[in-house]
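One structure, as structure tokens, below. Some questions next.
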There are 2 protein chains.
Amino acid sequence: MPDAQRWQAGIRATRKRVLVLDVLLAQDRPITTKQVYDELSRRGQPIALTTAYRAVSSLVAAGLVHVFSQAGEATYRACGPTRHHHLICRDCGLVVEQEEEGRPDGFTVEAVYGICASCARGQQQAGS
Amino acid sequence: MPDAQRWQAGIRATRKRVLVLDVLLAQDRPITTKQVYDELSRRGQPIALTTAYRAVSSLVAAGLVHVFSQAGEATYRACGPTRHHHLICRDCGLVVEQEEEGRPDGFTVEAVYGICASCARGQQQAGS
DNA sequence: CACGTCTTGACAATGGTTTTCATTTTCTAC
DNA sequence: GTAGAAAATGAAAACCATTGTCAAGACGTG
């Protein structure tokens with residue numbers, strides 16, 4: 001690894017952080033730090049749990065990943081830098097990105113929690 | 001307390017639970033269980049922390065209180081039974097109730113997290 | 001009043017997350 | 001390249017919100 005690889009916010013693109021980001025990019029819904037850790041073990045690229053926690057945290061700081069907090073634990077999801085917010089289903093964890101709409105009251109929406117149409121019908125969406 | 005006082009869902013309106021609800025009703029933004037506990041101690045009506053946790057949990061089950069999760073911990077707020085959701089400011093904790101609007105995609109909104117106009121301007125709203 | 005049930009409190013246990021500190025990587029300068 | 005400074009990593013311990021356990025107490029009914 002010759003040159004200095006950096007992302008926004010000046011954080012280094014280290015080997016471990018890249019591995020963590022790879023895992024997050026491969027998911028279609030937010031996952032926990034423990035799940036990132038497990039996935040890397042499964043891939044034969046083990047990482048210390050502590051490091052996994054620090055990695056997701058750095059990625060969030062760099063704006064590459066979004067945090068969600070569901071049921072007492074934080075979940076993470078890789079996200080582009082485009083202005084958007086998310087609809088998160090409390091039941092199945094499904095996440096839908098939405099264009100920024102802008103509200104008359106000046107409130108800047110970051111995340112919208114609720115129940116998606118499928119779950120509302122009781123047809124449990126394919127949960128993780 | 002002569003008769004059996006009950007709220008919806010068949011939970012009893014016990015002395016402790018009423019105390020906890022009183023504290024929550026007196027707040028203008030969500031607070032943690034520990035804060036409920038501290039406030040009751042200050043009022044000379046001490047409660048076991050365990051009991052405080054169980055009380056807020058019962059009140060949520062009874063539909064009298066809403067839970068929010070901010071920064072890894074749960075916060076609670078007394079709420080009427082009317083259909084509505086909330087706008088919660090991640091910075092100052094301000095909560096604004098909103099009428100149910102109904103979305104074209106069938107998503108049922110429960111909570112909207114973001115930044116309120118004041119905080120966006122950097123004029124930190126009076127935090128707790 | 002007496003019994004059965006739900007609630008309370010003290011304490012231990014859990015589980016996600018953070019801290020500490022020594023070691024290793026990575027970046028920049030020479 | 002190589003040296004030195006700064007940042008990242010790993011292992012273990014520390015933290016802290018929350019939940020479980022169990023005995024004692026309050027409540028409500030018959």
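The structure presented is a predicted model; accordingly, all values stated were derived computationally and were not measured. Residue numbers start from 1 in every chain, and the chains themselves are labelled A, B, ... in the order their sequence lines are given, proteins ahead of strands. The figures here come from the full heavy-atom set of this structure, side chains too, leaving out hydrogens, waters and symmetry mates.
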What is the minimum heavy-atom distance between A:Thr32 and A:Gln35, and which atoms define it?
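For A:Thr32 and A:Gln35, the tightest heavy-atom pair comes out as N-OE1, 2.8 Å.
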
Pick base, sugar-phosphate or nothing for A:Lys16, based on heavy-atom distances below 4.0 Å to the nucleic acid.
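Contact class for A:Lys16: sugar-phosphate only.
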
Between P on C:dG4 and CZ on B:Arg12, what's the gap in Å once rounded to a whole number?
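Distance check: B:Arg12 CZ to C:dG4 P gives 15 Å.
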
Listed by chain and number, what are the side-chain hydrogen bond (donor to acceptor under 3.5 Å, both in side chains) partners of B:Thr33, not counting sequence neighbours?
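Here no residue qualifies.
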
Donor-acceptor pair, side chain of A:Glu39 and main chain of A:Val36, under 3.5 angstrom:
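It does not hold such a pair.
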
What's A:Ala74 touching, base or sugar-phosphate or nothing? Going by heavy atoms closer than 4.0 Å.
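Touches sugar-phosphate only.
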
Among residues at least two apart in sequence or on other chains, which ones pass ring pair (Phe, Tyr, Trp, His ring centres under 6.0 Å) with A:His85?
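A:His85 satisfies ring pair (Phe, Tyr, Trp, His ring centres under 6.0 Å) with no other residue.
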
On DNA chain D, nearest-nucleotide positions of B:Tyr76 versus A:Ser58: which is more 5'?
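Taking each residue's closest nucleotide, the earlier one in sequence belongs to A:Ser58.
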
Between C1' of C:dG9 and CD of B:Gln45, the distance in whole Å
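Rounding to the nearest Å, CD of B:Gln45 and C1' of C:dG9 are 16 Å apart.
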
Between C:dC27, D:dC27, C:dT18, which one does the side chain of A:Tyr53 approach most closely?
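So the nucleotide nearest the side chain must be C:dT18.
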
Measure the angle between the two terminal helix axes of the helix from C:dC1-D:dG30 to C:dC30-D:dG1, five base pairs each, and quote it to 10°.
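About 40° separates the two local helix axes.
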
Atom-to-atom span, CG of A:Leu49 to C1' of D:dA11 - whole angstrom:
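One finds 11 Å between C1' of D:dA11 and CG of A:Leu49, rounded.
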
Without decimals, in angstroms, what is the distance between A:Arg17 CZ and C:dT26 C1'?
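These atoms are roughly 11 Å apart.
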
Atom CZ of A:Arg15 and atom P of D:dA8: how far apart are they, to the nearest Å?
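To the nearest whole Å, that distance equals 14 Å.
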
For B:Gly93 and B:Arg29, which heavy atoms make the closest approach, and how far apart are they?
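Of all heavy-atom pairs spanning B:Gly93 and B:Arg29, the closest is O-CB, 3.4 Å.
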
Report all interatomic pairs (protein N or O, nucleotide N or O of nucleotides 20-23 of chain C) with separations under 3.5 Å.
| unit_1 | atom_1 | unit_2 | atom_2 | d |
| --- | --- | --- | --- | --- |
| C:dT20 | O4 | A:Arg54 | NH1 | 3.4 |

Could you go through residues 45-56 of chain B and list every donor-acceptor pair under 3.5 Å that involves a side-chain atom there, pairing it with any protein atom two or more places apart or in another chain?
none

Listed partners of B:Ser69 passing side chain to side chain contact (heavy atoms under 4.5 Å, CB included), at least two apart
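For B:Ser69 the side chain to side chain contact (heavy atoms under 4.5 Å, CB included) partners, ignoring immediate neighbours, are A:Ser69.
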
Using the salt bridge (Lys or Arg N to Asp or Glu O under 4.0 Å) rule, take B:Lys34 and B:Asp38 through it: C-alpha gap first, then chi angles, then the decisive distance, then the call.
CA-CA 6 Å; B:Lys34 185 63 174 22; B:Asp38 288 338; 3.4 Å; yes

